[in-house]
Amino acid sequence: MRLCLWPALAALALVLVDASTLTPPVLPLIVRNPYLSFWFAHSRDAPWENWPIFWTGSTVGFAIMVTVPETKTVYPLLGRSQDFLRQSSSYTVSFPQYNGVTFDASTTNLTYTIPGSDVQITLSFLSPITPTSTFRQSLPAGYLTCIVEGSTDVSLYVDINGEWVSGNRDNKIEWGLVRTENNDSGRTPIKTWSITRRHEQLLTEFYDHAEWGTIHISAPADVEHQSGESKYIRRLFAEHGTLKNKVDNSYRGIFEDEPIFAFSKSFKLSEKSQSSHGVARDSVIFTFALTQDPVVQFAAARGLTMMRPLWASHFSSAYEMLQYHYDDYDTVVHLASNYSEQLAKDAYASGSQDYQDIAALSARQVLGATQFSGTPDNPIIFLKEISSNGNFQTVDVIFPAFPFFLYTNPQWLAYLLEPLLEHQLSGQYPNDYSMHDLGFHFPNATGHSDGLDEYMPVEECGDMLIMGLALVNALRDNTQPAFVRTVPQEAVPLNLESTKKSHLVDPYGMDRTWDDMGTTGEKAAAKWAKRSYKLWKQWTGYLVRESLIPANQLCTDDFAGWLANQTNLALKGIIGIKAMSEIANVVGDEAESKWYSDVADEYIKKWQEFGLSRDKTHAKLAYTWYGSWTTLYNIFADALLCFHLPPNTSTSLGPGRFWSSEQQPIGGGAKTEPKSTFIPDRIYQIQSDWYHAVLQRYGLPLDSRHLYTKSDWEFFAAAVTSKKVRTEILQHVATWVNETVTDRPLTDLYETEGKGGFPGPNFMARPVVGGHFAFLALERACGGRASEGLKFLDEAAPVEIDVDQALMADVAGNQAEMGEL
């Protein structure tokens, strides 16, 4: 469907639904995948005080400035271009009034006022999230829109350097300028700087930067361009307010007479304001892209395969893709704006303005770890375990991230799980439990034919089964992303054979619905579950043997070390067995379904005997570790998978536990059969009360061993607490976002006291922040009934607990028992 759309600039204003209020230390600028990931460092400071960074913290050359010809003054806006501008009689260097930064799920806006004038400037960085267009989400490109308002002429300048294409500053680079001809199919003729390494190293990294691929920065064909030595080009613009449309063809090293690649645009605001009798408004759009082919190598069922980017199925060349992406701006703004608006409404209703900002801040970071590959009819999403160790398709990194995918587009979760399932179904992994990852380091998914991947067997089996059932439920309930499916009348059609023949993508690059494809979600769920049923059974068999009393092993929190009898890990395994009973039911195996259900019921009773403190006030860290406690975040899966529904099975999602307005449920109000409660109410209640008692300045510690925490697990845990405790945890995390001294893209591992810094290891930019969407995923699960099953938690205020006394009593009770023995 297509609809009328306001002009692009008006639509852009809609992208920022409400002004954000949190002040994180780093904000996304252009973030699309693990290698096109550039950030606004020290975002509490003025943007010209530091260079932008790659997600690792290494700086990149990225300068934006403006000149005002009337006063011969140049104003740096982003990056430290002032360091290159010597004292000159031709110009004066000054700084604008910085009005601050706002952000939503897809956009970061920096705003400025030029002193002594009415000129206002907005730099709007758009890395769009388009849940109903997988095709658009796969494009490795983002936008920068520069908007100027006022009645004084200004000229704007943008440049990048070779640090965008390599992490090794000693490398040689080559570049060129490509122009779109007027007779080409593009609506807006563009010119593009393309920069690459002289000698690419395919599928290789240097300090996490890609050492293959081409960076492109595109602009309208009527802007000025120039490449050359950084001091010369920046000073030339400062003096003249324009560039000379010249290309320096002397290829060299990244910092060998540092070559930069620049565009400039003059805005004649004085003429426009006089003709319009008011303030004039104008803009220019730049795009930034990284093209790589292949994107990864993958040990698929057919053998080790060089995997092409998904966009390559739709375009015959990178430049065709770049032109389409530029022309598609109106449609992208429309889709991204809709997602940001809906997320803002849902998150605000679910938590607060703080939660709205945390969810928005997390969204681009999740997708910044992904690479879209496959074909239009068989898309695949690959994922890098960013910063922690670089593993490829890590199961226990996908798991904390998966609430984001359930909320945004559950089908994307299927695309994430597909390479893990395909590889293991092909018999390339020897162990009878789920593999930890597809390869030691991204972008090489070469597998572990020796079976020596990181040892987390209960963790990974439980994760896969829980995510498997969550996806089956989403498919079975006919889940579709609750976001706009219309495109503007100006939308650019693909008109390519690959799209015409695709049953998943329509001619305008939008995802088709189940109805469009002539099927139902229930049929799709059964087909999906049945295809990998061998693996589901195999992994559940392992959990039946090993999850009730887990042996000494790692869980996902591997930085905390090995530990036997982990209470929270055992719970995950037991819920995994329960999940298998539902998967068996979906594929029609009622006998196996009952058997798995009976085992899970037996295990959960024993787990309560083993895992709770003697006074039943909290869960212990490990069965035999008396005087300990743990954040029981795996109980979230019990509620998410519809194992803890209220007796009333009405599925209307009107005013509910956390919202007062209508909200789209997952499944659109599908019927949910009544189920008995799997984990008793009292387990939820004691944990909610315990979290209230142990909360620290910056959040809920992971367990009794340390004061550090994991933010993903905080949100998993908070989602299944009382309203009061959820609000408390959320407020403490928001305080941390505002005050933390960490200086990298949002970390998920931090100290809850002191300065809220890194505890070591230093995690950053990881996709696990998708766990921050736990509230939203839960509230839309089970036809909107999942969170309703937790209303009992709000019936009374949290019980006040003397934590030290409770822990000491647990230790003393154990000592007395040992004495009797």
Side-chain angles (χ1 to χ4, degrees), residues 129 131 134 137 343 359 362-370 372 379-386 391 393-421 434-438 456 459-477 479 481-482 525 528-529 532 536 539 555-557 572 575-576 579 582-583 633-643 666-667 710-720 748 766-782 786:
I129 298 178
T134 301
Q137 195 63 53
L343 173 60
S362 305
R364 279 172 284 177
Q365 183 165 316
V366 178
L367 291 169
T370 63
F372 285 68
I380 293 175
I381 300 177
F382 295 116
L383 181 138
K384 178 176 180 177
E385 182 179 339
I386 282 186
N391 283 172
Q393 218 75 6
T394 310
V395 172
D396 63 287
V397 170
I398 297 173
F399 181 76
F402 92 105
F404 167 82
F405 294 99
L406 283 181
Y407 172 81
T408 303
N409 184 345
Q411 195 62 47
W412 289 355
L413 179 59
Y415 302 157
L416 267 174
L417 297 181
E418 174 57 30
L420 288 159
L421 297 173
S434 169
M435 67 192 316
H436 171 269
D437 60 77
L438 276 172
M456 296 184 187
E459 175 73 43
E460 314 304 5
C461 290
D463 288 347
M464 290 299 291
L465 285 158
I466 290 167
M467 290 190 290
L469 179 58
L471 179 58
V472 163
N473 284 346
L475 296 174
R476 183 172 52 179
D477 291 342
T479 298
W528 187 85
S532 304
W536 307 128
W539 297 335
C555 73
T556 183
D557 307 313
K572 176 173 284 183
I575 295 174
E582 291 297 313
I583 293 173
Y633 55 80
N634 283 325
I635 199 174
F636 170 76
D638 176 67
L640 182 74
L641 299 181
C642 314
F643 297 154
I666 285 182
K710 290 281 273 82
S711 64
D712 45 359
W713 303 142
E714 286 182 279
F715 281 84
F716 270 54
V720 289
D748 54 288
R766 300 202 322 148
V768 301
V769 297
H772 300 166
F773 282 68
F775 300 1
L776 299 166
L778 183 67
E779 286 155 15
R780 292 174 55 200
C782 318

Gln137 and Asn409: CA distance, side-chain angles, deciding distance, side-chain contact (heavy atoms from CB on, under 4.5 Å) verdict: CA-CA 11 Å; Gln137 195 63 53; Asn409 184 345; over 6 Å; no
Looking at every non-hydrogen atom in both residues, tell me the closest pair between Ala470 and Phe402 and how far apart they are. CB-CE1, 3.7 Å
What distance separates Thr370 OG1 from Trp412 CH2, expressed to the nearest 0.5 Å? 8.0 Å
Of Phe775, Phe399, Phe773, the residue whose pairing with Phe404 passes ring-ring contact (aromatic ring centres under 6.0 Å, His included): Phe773
Hey, is the main chain of Ser434 close enough, under 3.5 Å, to the side chain of Glu460 for a donor-acceptor pair? no
Given side chains that start at C-beta, do those of Leu640 and Leu406 come closer than 4.5 Å, heavy atoms only? yes
Which atom of Asn473 lies closest to which atom of Leu641, heavy atoms considered: ND2-O, 3.8 Å
Nearest-0.5 Å distance that lies between atom CG in Leu471 and atom CD in Gln411: 7.0 Å
Hey, does Met464 have a side-chain heavy atom less than 4.5 Å from the side chain of Leu421? yes
How close do Pro410 and Ala474 get, heavy atom to heavy atom, and via which atoms? CB-CB, 3.8 Å
Is the backbone N or O of Val769 less than 3.5 Å from a side-chain atom of Asp748, with the two atoms forming a donor-acceptor pair by type? no
About how many Å separate CZ of Phe715 and NZ of Lys710, when rounded to the nearest 0.5 Å? 12.0 Å
Which atom pair, heavy atoms only, marks the closest approach of Leu778 to Ala786? O-CB, 3.3 Å
Could you label the plane-to-plane angle of the Trp528 and Trp536 rings as parallel, tilted or perpendicular, counting under 30° as parallel and over 60° as perpendicular? tilted
Exam field: side chain Gln393 to backbone Leu383, donor-acceptor pair closer than 3.5 Å: yes
Write down the atom of Ala639, the atom of Cys782, and the distance for their closest heavy-atom approach. O-SG, 4.2 Å
Would you compute the distance between atom NE2 of His772 and atom OH of Tyr407 and round it to the nearest 0.5 angstrom? 16.0 Å
Could you tell me if the side chain of Asp437 sits less than 4.5 Å from the side chain of Val397, heavy atoms only? no
Applying the side chain to side chain donor-acceptor pair (under 3.5 Å) criterion to His436, which one of Asp463, Thr394, Asp396 satisfies it? Asp396
Leu417 and Met467: CA distance, side-chain angles, deciding distance, side-chain contact (heavy atoms from CB on, under 4.5 Å) verdict: CA-CA 9 Å; Leu417 297 181; Met467 290 190 290; 3.9 Å; yes
On the 0 to 90° scale, with breaks at 30° and 60°, tag the Trp713-Tyr633 ring pair as parallel, tilted or perpendicular. parallel
Atom CG of Leu469 and atom CZ of Arg476: how far apart are they, to the nearest 0.5 Å? 6.5 Å
Heavy-atom closest pair, residues Ile129 and Ala363: CD1-CB, 3.4 Å
Show your reasoning for whether side-chain contact (heavy atoms from CB on, under 4.5 Å) applies to Thr408 and Val366. CA-CA 11 Å; Thr408 303; Val366 178; over 6 Å; no
Walk me through it: do Ile398 and Leu420 pass the test side-chain contact (heavy atoms from CB on, under 4.5 Å)? CA-CA 11 Å; Ile398 297 173; Leu420 288 159; 3.9 Å; yes
Here the gap from Ile380 atom CD1 to Phe372 atom CZ, rounded to the nearest 0.5 Å, amounts to 12.0 Å
